[in-house]
Amino acid sequence: MRQFTIEPLGGTAGWEVAGYNIAFTNSALWMLITTVLLFAFVALGMKRELVPGRWQMMVESFTGFIDDMLEANIGKAGRKYVPYVFSLFMFILFANLLGLMPLGLVGVHPFTFTSHFTVTGILAVISFSIVLGVGFWKHGFKFLGLFVPHGTPWPMIPFIAPIEFISFMVRPFSLALRLFVAMMAGHILLEVLSSFVIGGGNSGFGFGLLVGLPSFILMIGICALELLVAGIQAYVFALLTALYINDAENLH
Amino acid sequence: MPQIAQVAETFSSQLFWLLVFFGFTFFVVGRGMVPRVMETVSLRDKQISDDLAAAQSARDRADAEEEAWRERENANRAAAHELIAKAKADAAAQSGLKLAEAQERLDTQLADAEERIDAARTEAMAEVEAVASDAAQDIVRRLAGVEVSRPVATQAVKESLAHG
């Protein structure tokens, strides 16, 4: 579990703003690294050539991917959310992937800040606030009609509306918990398997062959799986955000 | 689980730095750079579709030009055919005329020649008669010792010639 521990770096533990601690932690450091890498990635794709190079093609395929997703789920009005959903998707994707990099080999321990529900929670709250803001700004109080699905017979409304309201309010939690749990579970699984490898190896050749080697082979497979999960979870977060924004943008 | 154990002491720091870095990502990368990347893409798409449209219109123009050329060509060919037919008819008429003329000339020549032949034959016949009469006179005198007058010999020859 030590890999999830947040530690203030280099004497910043006492930093405060208005009485709140804002120590520059290892979590913040990896947010900084994610931001810098993401900035560099997009900046390299900004040559704006007519015939794109490799980097430009890659960046353009990501923006095109988000653009297509928003257009498919929201429609033409979805284009204005591309900056937000793109930032969200790429930020989470880079964070997830960075946390899986085998940097421990060179003595740097990556910190996966998306395995903290504080972080995923804040991102989910931002997405949810955008949904609420767009909904009320566009439809006013008619946005509350979201809790009455189209074609509900009126005697059913008192029963359906609370259920819909609850399912609506659960959204930010499910959004935050899904990413947090997926990332943490993967890392714990790898940690457990690696402890098997080390423990098995230390208990002698037989145990090493019987326990350590299969665990190690399994780890290789799970590492590949985790890379997939890193992409899928970022995609799911962005996709669900897009679907929720669609509810607000196109009230049924 | 550090996520729960540390939540109270680290929440403000997590919130602050996440807002700083995600805010930077959103405002600089998301709002600053992404629209320009997408603009490049749409510019390229537009250029491609423009080029395609230009190619299509050029093709249409070429098709129309070819059609016009074909029409002109057909008209030219028809005119040429007409010209040739006319020339053929003219030539045929002229050659017919010449042929008729030649035929006429030949006919007259033939008629002349026949006339001449007839004349020559009559003449030759007369000569043959004369020679035959002489011969008959001579033969009769020598064989029978009878002197036959000329008119009688001639008469006899004529009779025998007529009977073949």
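Note on naming: letters A, B, ... go to the chains in the order of the sequence lines (proteins, then strands), and numbering restarts at 1 for each one.
- Atom CZ of B:F21 is separated from atom CD1 of A:I33 by 9.5 Å, given to the nearest 0.5 angstrom.
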Donor-acceptor pairs between chain A and chain B under 3.5 Å, which ones?
| unit_1 | atom_1 | unit_2 | atom_2 | d |
| --- | --- | --- | --- | --- |
| A:I6 | N | B:Q6 | OE1 | 2.8 |
| A:I6 | O | B:Q6 | NE2 | 2.9 |
| A:N21 | N | B:S12 | OG | 3.4 |
| A:N21 | O | B:S12 | OG | 2.6 |
| A:N21 | O | B:S13 | N | 3.1 |
| A:I22 | O | B:W17 | NE1 | 3.0 |
| A:A23 | O | B:S13 | OG | 3.0 |
| A:A23 | O | B:W17 | NE1 | 3.1 |
| A:S27 | OG | B:Q14 | OE1 | 2.5 |
| A:R48 | NE | B:T40 | OG1 | 3.2 |
| A:R48 | NH2 | B:E39 | OE2 | 3.3 |
| A:E49 | O | B:R44 | NH2 | 3.3 |
| A:L50 | O | B:R44 | NE | 2.6 |
| A:E60 | OE1 | B:R44 | NH1 | 2.9 |
| A:E60 | OE1 | B:R44 | NH2 | 3.1 |
| A:E60 | OE2 | B:R44 | NH2 | 3.0 |
| A:S115 | O | B:Q3 | NE2 | 2.7 |
| A:T118 | OG1 | B:Q14 | NE2 | 3.2 |

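- For A:F180, the part sitting under 4.5 Å from any heavy atom of chain B is the side chain, from C-beta outward, and nothing else.
- In terms of heavy-atom pairs under 4.5 Å with chain B, the best-connected choice from A:V42, A:V85, A:I6, A:V36 is A:I6.
- Within the structure, salt bridge (Lys or Arg N to Asp or Glu O under 4.0 Å) pairs that include any residue of residues 100-118 of chain A do not occur (at least two apart or interchain).
- Taking CZ from A:F91 and CZ from B:F26, the interatomic distance works out to 13.0 Å, rounded to the nearest 0.5 Å.
- Every ring pair (Phe, Tyr, Trp, His ring centres under 6.0 Å) that A:F128 has, sequence neighbours left out, goes to A:F168.
- Applying the ring pair (Phe, Tyr, Trp, His ring centres under 6.0 Å) criterion to A:Y244, with sequence neighbours excluded, gives no partner residue.
- The local environment of CE in B:M125 is sparse, with at most 12 non-hydrogen atoms from other residues, nucleotides or ligands closer than 6.0 Å.
- Using a 4.5 Å cut-off between heavy atoms, B:F16 contacts chain A through its side chain alone, with no backbone atom that close.
- The number of heavy atoms from other shown groups lying within 6.0 Å of CZ (A:F65) is above 12.
- Contact check for A:I22 versus B:L15: no side-chain heavy atoms found under the 4.5 Å cut-off.
- Ranked by non-hydrogen atom pairs under 4.5 Å with chain A, the options B:L43, B:V28, B:V29 are led by B:V29.
- For chain B, the nearby part of A:M184 is the side chain; its heavy atoms alone come within less than 4.5 Å.
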Stepwise side chain to side chain contact (heavy atoms under 4.5 Å, CB included) check, A:F62 with B:V37: CA-CA 10 Å; A:F62 273 113; B:V37 172; over 6 Å; no
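- When all heavy atoms of B:G30 and A:P83 are compared, the closest pair comes out as O-CB, 3.2 Å.
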Stepwise side chain to side chain contact (heavy atoms under 4.5 Å, CB included) check, B:F22 with A:I126: CA-CA 11 Å; B:F22 186 67; A:I126 295 172; 4.3 Å; yes
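- Contact tally against chain B (heavy-atom pairs below 4.5 Å) for A:L32, A:L38, A:V17: the top residue is A:L32.
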Stepwise side chain to side chain contact (heavy atoms under 4.5 Å, CB included) check, A:F39 with B:M33: CA-CA 9 Å; A:F39 179 82; B:M33 295 156 93; 3.7 Å; yes
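- Contact of A:I188 with chain B is not made at all, since no heavy-atom distance falls under 4.5 Å.
- For chain A, the nearby part of B:L19 is the side chain; its heavy atoms alone come within less than 4.5 Å.
- The contact between A:F86 and chain B is made entirely by side chain atoms (from C-beta outward), counting heavy-atom distances below 4.5 Å.
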